[in-house]
Amino acid sequence: MSVATIGFFDGVHRGHRFLFEHLRALAEEHGLQPLIVTFASHPRQVLQSDYRPRLITTLDERRRLLQAYGEVLVLQFEEVQPLTAQQFMERLHTQYGVQMLLMGYDHRFGSDRLVHPQDYRRLGSRCGVEVVTMSEFIAGEFHVSSTEIRQALETGNMVLAQELLGRPYALTGTVVRGRGIGHTIGFPTANIQPDSGDKIIPRNGVYAVEVQWADGQRAPALCNIGTNPTVGNSERTIEVFIPGFEGDLYGETLILDFVRYIREERRFDSLDALRAQIKRDLAYIPGGGPGGGFPG
C-alpha cells in the first residue's frame with residue numbers, strides 16, 4: 001500500500017522536493033510506501049499538438065532524481081487524460097494500492113477540471129483514497145517554479161537557476177566533430193550535441209562549467225554557447241574547453257553542470273584578441289589562470 005503524489009515535476013526543483021519530503025514523512029507515519037506518479041511526456045504536448053516543451057530535465061534525468069524519494073511510476077498521459085478525477089483516483093487505488101494522495105498547493109487533475117481541494121477530498125473518500133493538500137513552498141524572496149527556472153536559464157542567470165533547483169543546471173550531450181578552429185588558436189574544444197532537442201539551452205555566452213564523464217570523473221571547464229562570430233560561424237553550437245585535458249573525446253557522453261555566466265558572446269577584431277579574452281575567461285574556473293576559481 002502506498003501514499004502517492006502526482007505531477008510532471010520538470011526540474012525536480014526545491015519546491016518539488018519540499019513536496020517529496022512530506023510524502024516520505026506521511027509514508028513513514030502511516031506505514032506506507034512513497035510513490036511518485038509522473039508522465040512520460042509533457043501533458044500539454046497531448047492537449048496541444050503543436051506545443052514543443054522547453055524542458056529542464058529529460059525523462060531519464062527526472063526519473064533518476066525522483067527515485068531518491070520513492071518508487072517512480074511513469075504513465076502515458078494519453079491513457080489517463082480522458083479520466084475524471086474520481087476515475088483516476090480509483091485506478092490509482094485498485095491498480096497501485098494508493099491509500100493516500102498528497103497534492104501540491106496548485107495541482108489539479110482529471111477531465112472534469114475540479115478546482116477546490118475539498119472536491120478532491122470528497123471524491124477520494126468515495127474510492128478509499130484520503131487526499132491531503134500541501135502549502136506553497138517559498139525560498140526566501142523567490143517563488144520556486146519551473147517557469148521561474150526556465151526564465152533564469154534563458155537569461156543566463158545560472159546563480160538563480162541553481163538557487164531554485166538546489167543544484168547546478170545540467171546538460172547532457174555527445175561529443176561530435178566541429179570545424180577544429182579551437183585547435184588552431186590553442187584552445188581545443190569539444191563540440192556537444194545535446195541528447196534531447198527539448199532541453200533548454202541557456203542563452204548565448206561564455207560560462208564556467210563542470211564537466212562530468214560517464215565514469216564519474218569531473219573537471220572544471222569553459223563553455224561557449226553561440227555562433228562564434230569572430231570566426232564566421234552561423235550555426236549555434238555548444239563548445240567546451242577543458243584546461244589540461246589531452247585525448248580524444250569524440251563519441252563520448254559528457255554532462256555539463258553550469259556554474260555561472262561569465263560574459264556575452266561577441267565578435268573580436270582578430271584571433272589574437274579572442275585568445276587574450278579566453279585567457280581572461282579562464283580566470284573564472286579553478287586552475288584556469290591566476291586567481292582562478294568560481295567567483296560568487
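Residue numbers start at 1 and run along the sequence shown.
- Ion pairing of D257 with R167 is absent here, as no side-chain N (NZ or NE/NH1/NH2) approaches a carboxylate O to less than 4.0 Å.
- Partners of R64 under the side chain to side chain donor-acceptor pair (under 3.5 Å) rule, at least two apart in sequence or in another chain, do not exist in this structure.
- Between Y207 and Y284, the gap from one ring centroid to the other reaches at least 6.0 Å.
- Side-chain contact of R260 with Q162: a donor-acceptor pair under 3.5 Å is absent, judged by distance alone.
- Side-chain contact of N191 with R177: a donor-acceptor pair under 3.5 Å is absent, judged by distance alone.
- F20 has its ring centre no less than 6.0 Å from the ring centre of H22.
- No more than 12 heavy-atom neighbours from other residues, nucleotides or ligands sit within 6.0 angstrom of CZ on R52.
- Cation-pi geometry between R62 and F8 is met: the NZ or CZ atom falls under 6.0 Å from the ring centre, inside 45° of the normal.
- In this structure, OG1 on T57 lies 6.5 Å from CG on L55, to the nearest 0.5 angstrom.
- For the pair M158 and P202, the tightest heavy-atom approach, listed with the atom from each and the gap, is CE-CG, 4.1 Å.
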Take V72 and V74, measure what side-chain contact (heavy atoms from CB on, under 4.5 Å) needs, and give me the verdict at the end. CA-CA 6 Å; V72 179; V74 179; 4.1 Å; yes
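- Between E210 and R218, at least one side-chain N (NZ, or NE/NH1/NH2) sits under 4.0 Å from a carboxylate O, which counts as a salt bridge.
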Name every donor-acceptor pair, under 3.5 Å, that has one atom in a side chain of residues 91-99 and the other anywhere in the protein, sequence neighbours excluded.
from, atom 1, to, atom 2, distance (Å)
H93, ND1, V98, O, 2.9
T94, OG1, E90, O, 2.9

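- Checking side-chain atoms of S196 against main-chain N and O of D198 turns up a donor-acceptor pair under 3.5 Å.
- Counted by atom type alone, N204 and E264 present zero donor-acceptor pairs between their side chains at under 3.5 Å.
- Ring orientation note: the planes of Y120 and F109 are tilted relative to one another, at an angle of 30° to 60°.
- No more than 12 heavy atoms of other residues, nucleotides or ligands sit less than 6.0 Å from atom CG of D269.
- When hydrophobic clusters are built by joining Ile, Leu, Val, Met, Phe, Trp and Tyr residues whose side-chain heavy atoms come closer than 4.5 Å, directly or via intermediates, L66 is not grouped with L35.
- The shortest heavy-atom contact between I56 and S146 is CD1-O, 3.6 Å.
- A salt bridge links K199 to E61: at least one charged side-chain nitrogen sits closer than 4.0 Å to a carboxylate oxygen.
- Residues A221 and P243 share a closest heavy-atom pair of CA-CD, 4.1 Å.
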Side chains of residues 26-34: which donor-acceptor partners sit under 3.5 Å, not counting sequence neighbours?
none

As a quick check of understanding, evaluate side-chain contact (heavy atoms from CB on, under 4.5 Å) for T58 and D195, giving each step before the final call. CA-CA 9 Å; T58 64; D195 286 353; over 6 Å; no
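- Without hydrogens or angle criteria, T5 side chain to I36 main chain gives no donor-acceptor distance under 3.5 Å.
- Taking the six-membered ring where the residue is Trp, Y169 and F258 present tilted rings, their angle falling between 30° and 60°.
- Atom CG of D272 is separated from atom CG of L274 by 9.5 Å, given to the nearest 0.5 angstrom.
- One distance of note links NE2 of H107 with CG of L19; it measures 9.5 Å at 0.5 Å rounding.
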